[in-house]
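The residues of the chain are indexed from 1 along the displayed sequence. Counting starts at 1 for both ligands and their atoms, following the listed order.
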Amino acid sequence: MKVLGIESSCDETAVAVVEDGRKVLSNMVVSQIEEHKLYGGVVPEIASRRHCESIVGVTDLALKEAGLTLDEIDAVAVTYAPGLIGALLVGVNFAKGLALVKKKPLIPVHHIRGHIAANYLVHPELEPPFLCMVMSGGHSHIVWVKSYTEYEIIGRTRDDAVGEAYDKAARALGFPYPGGVHMDQAAQNGDPDHYRLPRPKVDGNPYDFSFSGLKTAVINLIHHAKQKGEEVCVSDVAASFQLTVCDLISGRLMRAAEEYRADKIVLAGGVSANSGVRTRMETECKKMGIKLYMPPLCYCGDNAAMIASQGYFEAVHAKKAGMSLNATASLPITDEKFEIKEAVL
Ligand code: KG4
Ligand code: ZN
């Protein structure tokens, strides 16, 4: 089954073709980052307008690269939630048009489910159940992935997502948007023990996170140094921040792995590109005899191959939407918000 995937939830217009959820036939991404950089973050209206301009051209490229015509596609999968509403609407409406005209099943895909599915593209043996750390610009969840379409959230952030904390701390240190990758690079030349940043405990659930204190601690550190006329060592701050993030994530994840008797841990989302988190999780999983799965860097960030992959598994589980499908700005990974039409396969 060849699925055309469409992703437009934030600042990447992406279209891909994936066969049977695992084999990437094409994967095209047009990033708007350079434009949003000028404003220090994503400007929603600009994002929607750029998606509108790019989506037809990116789809043409993805089909050409796959050597297929639209008639040879078996289903159209699209990110319908969560994300910037205006941005999502462009992809959803475009997908509906394609599905309607070409009489193809329309498969709605949850963006975070897609991030998890990025792993199916490169690890053919990976099958649920497994424990997953989802870490992106908008989400930080520990998820028990029960099946390809069933999830249980066992930990979540109470405030900022880890990617958001990275980007805000990076901004305070003078890095351009999105700052996560710059912080990561700077951290590699820094002393992680130079600054001691807070590792907040969250009452109630041992698997919940709080990242906003960490971000504020970096902002305060810079502010206090300025007041005293002292220089902050950017690479040391970045390294201390990265060490704290690694401690917070690996501590909770390994504890959850023990409780859930997980033999597989999967990383997903933009921050799974982080070199510190990857190395730390490799070490921890090796110690505990747990198999670790990570997406390659090219599939960590937003892309449409992951949407086409998840679209296949949603289709297999008969999750086909009708033409009333709408975009939804926020939706838990456990939920679905569309009218299910008849089985696809
Ligand atoms: O998953 P993603 O591409 O988009 C969302 O769905 O949010 O994640 C983007 C986030 C941004 O906050 C970005 O700074 C962060 O992932 N990120 C990183 C790294 N690469 C991307 N954070 C830390 N280290 C990295 N190497
Ligand atoms: Zn994403």
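Counting heavy atoms of neighbouring residues, nucleotides and ligands inside a 6.0 Å radius, atom CZ of Arg252 exceeds 12 of them. At most 12 heavy atoms of other shown residues, nucleotides or ligands fall within 6.0 angstrom of atom CD in Glu231. Atom NZ of Lys286 has 12 or fewer heavy atoms from other residues, nucleotides or ligands within 6.0 Å.
The two residues Lys96 and Leu325 come nearest to each other via the heavy atoms NZ-O, 2.7 Å.
Protein N/O/S atoms closer than 2.8 Å to the Zn ion (ligand 2), listed by chain and residue number, are His111 NE2, His115 NE2, Asp302 OD1.
Interface atoms of ligand 1 facing Gly137, defined by a heavy-atom separation under 4.0 Å, are 5 (C), 7 (O), 8 (O), 9 (C), 10 (C), 12 (O). Of all atoms in ligand 1, listed by their number and element, those nearer than 4.0 Å to a heavy atom of Gly163 are 12 (O). When each atom of ligand 1 is checked for a heavy atom of His111 under 4.0 Å away, the hits are 6 (O). Short contacts between ligand 1 and Gly301, defined as distances under 4.0 Å to a heavy atom of the residue, involve ligand atoms 3 (O). Near Gly138, meaning under 4.0 Å from one of its heavy atoms, ligand 1 places the atoms 7 (O). Annotation for ligand 1: atoms under 4.0 Å from non-hydrogen atoms of His115 are 1 (O), 6 (O).
Protein heavy atom nearest atom 4 (O) of ligand 1, with residue, atom name and distance: Asp302 OD1, 3.3 Å. Ranking the protein heavy atoms by distance from atom 17 (N) of ligand 1 puts Gly270 O, 3.7 Å first.
The closest approach between Ala273 and ligand 1 falls below 4.0 Å for a heavy atom of the residue.
In terms of polar-atom proximity, defined here as any N/O pair under 3.5 Å, Asn274 does make such a contact with ligand 1. The shortest N/O to N/O separation between Gly180 and ligand 1 falls below 3.5 Å.
Considering Thr79, Ile333, Leu331, Val143 in turn, Ile333 is the only one that fulfils the side-chain contact (heavy atoms from CB on, under 4.5 Å) rule with Ile112. With Arg50 as the fixed residue, the side chain to side chain donor-acceptor pair (under 3.5 Å) test singles out one of His36, Glu35, Gln32, Glu45: Glu35.
A salt bridge is absent between Asp159 and Lys215: the closest approach of a Lys/Arg side-chain nitrogen to an acidic carboxylate oxygen does not fall below 4.0 angstrom. Salt bridge annotation for Asp208-Arg156: absent, with no cationic side-chain nitrogen under 4.0 angstrom from a carboxylate oxygen. Ion pairing between Asp74 and Lys2 fails under the 4.0 Å rule for side-chain N and carboxylate O. The pair Lys168-Glu164 meets the salt-bridge criterion, with a side-chain N (NZ, NE, NH1 or NH2) lying under 4.0 Å from an Asp/Glu carboxylate O.
When ring centroids are compared, Tyr166 and Phe211 stay outside the 6.0 Å threshold.
At a heavy-atom distance under 4.0 Å, only side-chain atoms of Asp184, from C-beta outward, approach ligand 1. Contacts between Asp167 and ligand 1, counted as non-hydrogen atom pairs separated by less than 4.0 Å, involve the side chain only.
Annotation: cation-pi pair Lys291/Tyr293 present, NZ/CZ under 6.0 Å from the ring centroid and within 45° of its normal.
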